[in-house]
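Hydrogens, waters and symmetry mates play no part in the numbers below; they use all other heavy atoms, side chains included. For ligands, and for the atoms within them, numbers begin at 1 and follow the listed sequence.
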Amino acid sequence: MALRYLLRPVPSEKRLSLVREDHSLPEPGPGEVRVRVRACSLNYRDLLMRRGQSASSASGDVVPLSDGAGEIDAVGEGVTLWKTGDRVTGGFFAEWKDGPFDMRYHKAARGGSCDGMLAEFVVASAESFVATPSYLTDAEAACLPCACLTAWHSLVERGNLAAGQTVLALGTGGVSVFALQLATAAGARVIITSSSDEKLARAKELGAWETVNYRETEAWDGRVWSLTEKRGVDHVIEVGGPGTLGKSMNAVAAGGHIGLIGVLTGFAPPDVSLFPIVTKNVDLHGIYVGSLAMFVRMNAFLETHQIRPVIDRTFSLEDAPEAYDHLAGGNHFGKIVIEC
Ligand SMILES: NC(=O)c1ccc[n+]([C@@H]2O[C@H](COP(=O)([O-])OP(=O)(O)OC[C@H]3O[C@@H](n4cnc5c(N)ncnc54)[C@H](OP(=O)(O)O)[C@@H]3O)[C@@H](O)[C@H]2O)c1
């Protein structure tokens, strides 16, 4: 028997409940592997999923969490990609191998439309995993599939980030701290915002060029504008959504790039004119995590620069509900991990 969690729809309610259960050890079928999961990490998406606010929520029971890492425990018929003991990390989209996004990939978004990683053992397609960089622990690798790949996709794959450019990252959650680490390693200058001076001090230690407390400085867009000598930033990691997009458009440089990523301020339409996108010739890209090929390229970059994910706190598998509560509290800096 093995332990796993399920997100289970609550009858006549929108939210789902997190249920713990013992189940029989799953066997891998042809083309599949069984992975002994050693660690998972949480993303804001997992809160949306539990609240029933995500478009990719399954209608029945689903194993939650997109992000997990461990080792190959058994291989199914025909699998040559991995052998028992290999260290692997799951991709967010189990079927988005390479090339442009296709709507059919939505049906295999781990921890949403298909089973995720919050379990001692998972069985899935052998091709839906990537090799874990040898210098990282499983807990560190488990932080990468969603938050880090999203930041990488936005900055590098779509944004063509170059040394000397400026990047604006909003808040100090998972995506933004990875954006800070990736951009700094690439030789860019990062301005990061936070509601907490203590977190901004930590961001400085990680290499932030400038910091802005968005709670104290409501006009943080104006502050970014003056910090960049009225030029604006080359890239914005837009994780806020409708409540921050207007200011992000004010803060971006002419010809700059906004990666539209998050919904921290909700799903309502933005109450601002989108016209600055036109007058500044801005590239506005919708970013939805990334492909397995991007994940492999990102891991090579991480290894070259020996970047280690910032883990805020680690919980045991038994304490998974507390890990959700810690994320919901918003006091974290970087990533929250569950060891399995
Ligand atoms: N499109 C995609 O593929 C994709 C992938 C990953 C995440 N996302 C989205 O991106 C967002 C961030 O995800 P995450 O997992 O990194 O979240 P997270 O780790 O939970 O980060 C939350 C942090 O965001 C900051 N924040 C909250 N409200 C803010 C606001 N109004 N302005 C600026 N910062 C604010 C806070 O930082 P401080 O405490 O420092 O103030 C908070 O601690 C979420 O909406 C998530 O759904 C999208």
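Salt-bridge formation is detected for the pair Asp234/Arg231: a Lys NZ or Arg NE/NH1/NH2 atom is positioned less than 4.0 Å from an Asp or Glu carboxylate oxygen. Residues Glu157 and Arg297 are paired through a salt bridge, judged by an N-O separation under 4.0 Å between the basic side chain and the carboxylate. Taking a cutoff of 4.0 Å between a charged side-chain nitrogen and a carboxylate oxygen, Arg38 and Glu339 do not qualify as a salt bridge. Looking at Arg87 and Asp138, a side-chain N of the basic residue comes within less than 4.0 Å of a carboxylate O on the acidic one, giving a salt bridge. A salt bridge does not link Lys335 with Glu140: every distance from a Lys NZ or Arg NE/NH1/NH2 to an Asp or Glu carboxylate oxygen is 4.0 Å or more. A salt bridge links Glu21 to Arg4: at least one charged side-chain nitrogen sits closer than 4.0 Å to a carboxylate oxygen.
Residue Tyr44 approaches ligand 1 through these ligand atoms, each under 4.0 Å from one of its heavy atoms: 13 (O), 14 (P), 15 (O), 17 (O), 20 (O), 44 (C), 45 (O), 46 (C), 47 (O). Near Val239, with a cut-off below 4.0 Å to any heavy atom, the atoms of ligand 1 are 10 (O), 11 (C), 12 (C), 45 (O). For ligand 1 and Gly330, the ligand atoms under 4.0 Å from any heavy atom of the residue are 39 (O), 43 (O). Atoms of ligand 1 found under 4.0 Å from any heavy atom of Val289 (numbered from 1 in listed order, with element): 2 (C), 3 (O). Interface atoms of ligand 1 facing Gly262, defined by a heavy-atom separation under 4.0 Å, are 9 (C), 10 (O), 11 (C), 45 (O). With ligand atoms numbered from 1 in the order given, ligand 1 contributes 38 (P), 40 (O), 41 (O) to contacts under 4.0 Å with heavy atoms of Ser194. Here is the list of ligand 1 atoms found below 4.0 Å of a heavy atom in Ser195: 38 (P), 39 (O), 40 (O), 41 (O).
The residue among Gly173, Ala169, Cys148 with a heavy atom at the shortest distance from atom 21 (O) of ligand 1 is Gly173.
Taking 4.0 Å as the cut-off, Ser196 does not count as a neighbour of ligand 1 on heavy-atom distance.
Between Lys199 and ligand 1, a contact under 3.5 Å exists for at least one N or O pair. In terms of polar-atom proximity, Cys146 is not counted as a contact of ligand 1, lacking any N or O under 3.5 Å from an N or O of the ligand. At under 3.5 Å, a nitrogen or oxygen of Val263, whether backbone or side chain, sits near a nitrogen or oxygen of ligand 1. Here's the thing with Arg45: none of its N/O atoms is less than 3.5 angstrom from an N/O atom of ligand 1. Note: no N/O pair closer than 3.5 Å links Leu327 and ligand 1 by distance alone. At a 3.5 angstrom cut-off on N or O pairs, His332 counts as close to ligand 1. Between Gly334 and ligand 1, no N or O atom pair is found at a separation short of 3.5 Å. Polar contact check, Gly174 against ligand 1: a nitrogen or oxygen pair lies under 3.5 Å apart.
Among all protein heavy atoms, the one lying closest to atom 4 (C) of ligand 1 is Ile261 CG2, 3.6 Å. Considering only non-hydrogen protein atoms, atom 37 (O) of ligand 1 sits nearest to Thr172 N, 3.3 Å. Residue, atom and distance of the protein heavy atom nearest to atom 16 (O) of ligand 1 are Val175 N, 2.9 Å. Nearest non-hydrogen protein atom to atom 24 (O) of ligand 1 is Leu264 CD1, 3.3 Å.
The residue from Tyr288, Phe295, Tyr105 that alone fulfils the ring pair (Phe, Tyr, Trp, His ring centres under 6.0 Å) condition with Phe93 is Tyr288. Screening Leu182, Leu161, Val289 for a side-chain contact (heavy atoms from CB on, under 4.5 Å) with Trp152, the sole residue that qualifies is Leu182.
Under the 4.5 Å side-chain contact rule for hydrophobic residues, Leu7 and Val19 do not share a cluster.
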Q: Determine, step by step, whether Glu210 and Arg189 satisfy the salt bridge (Lys or Arg N to Asp or Glu O under 4.0 Å) criterion, reporting the C-alpha distance in whole Å, the side-chain angles of both residues, the deciding distance to 0.1 Å, and the verdict.
A: CA-CA 8 Å; Glu210 290 286 354; Arg189 296 185 304 182; over 6 Å; no
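The proximity of Ile287 to ligand 1, defined as any non-hydrogen pair under 4.0 Å, is limited to the backbone. The part of Tyr214 lying near ligand 1 is the side chain, judged by heavy-atom distances below 4.0 Å. Under 4.0 Å from ligand 1, the heavy atoms of Thr150 that appear belong solely to its side chain. At a 4.0 Å heavy-atom cut-off, ligand 1 touches Thr265 through the side chain alone.
Side-chain N or O atoms of Glu120 include one that pairs as donor or acceptor with a backbone N or O of Leu3 at under 3.5 Å. Looking only at distances, no side-chain donor or acceptor of Tyr324 sits under 3.5 Å from a matching main-chain atom of Asp46.
A cation-pi contact, defined as under 6.0 Å to the ring centre and within 45° of the axis, links Arg110 to Phe129.
For atom 42 (C) of ligand 1, no protein non-hydrogen atom is found at a distance below 4.0 Å.
Side-chain N/O atoms of His257 and His285 include a donor and acceptor closer than 3.5 Å.
Using cut-offs of 30° and 60° on the angle between ring planes, the pair Phe101 and His106 is perpendicular.
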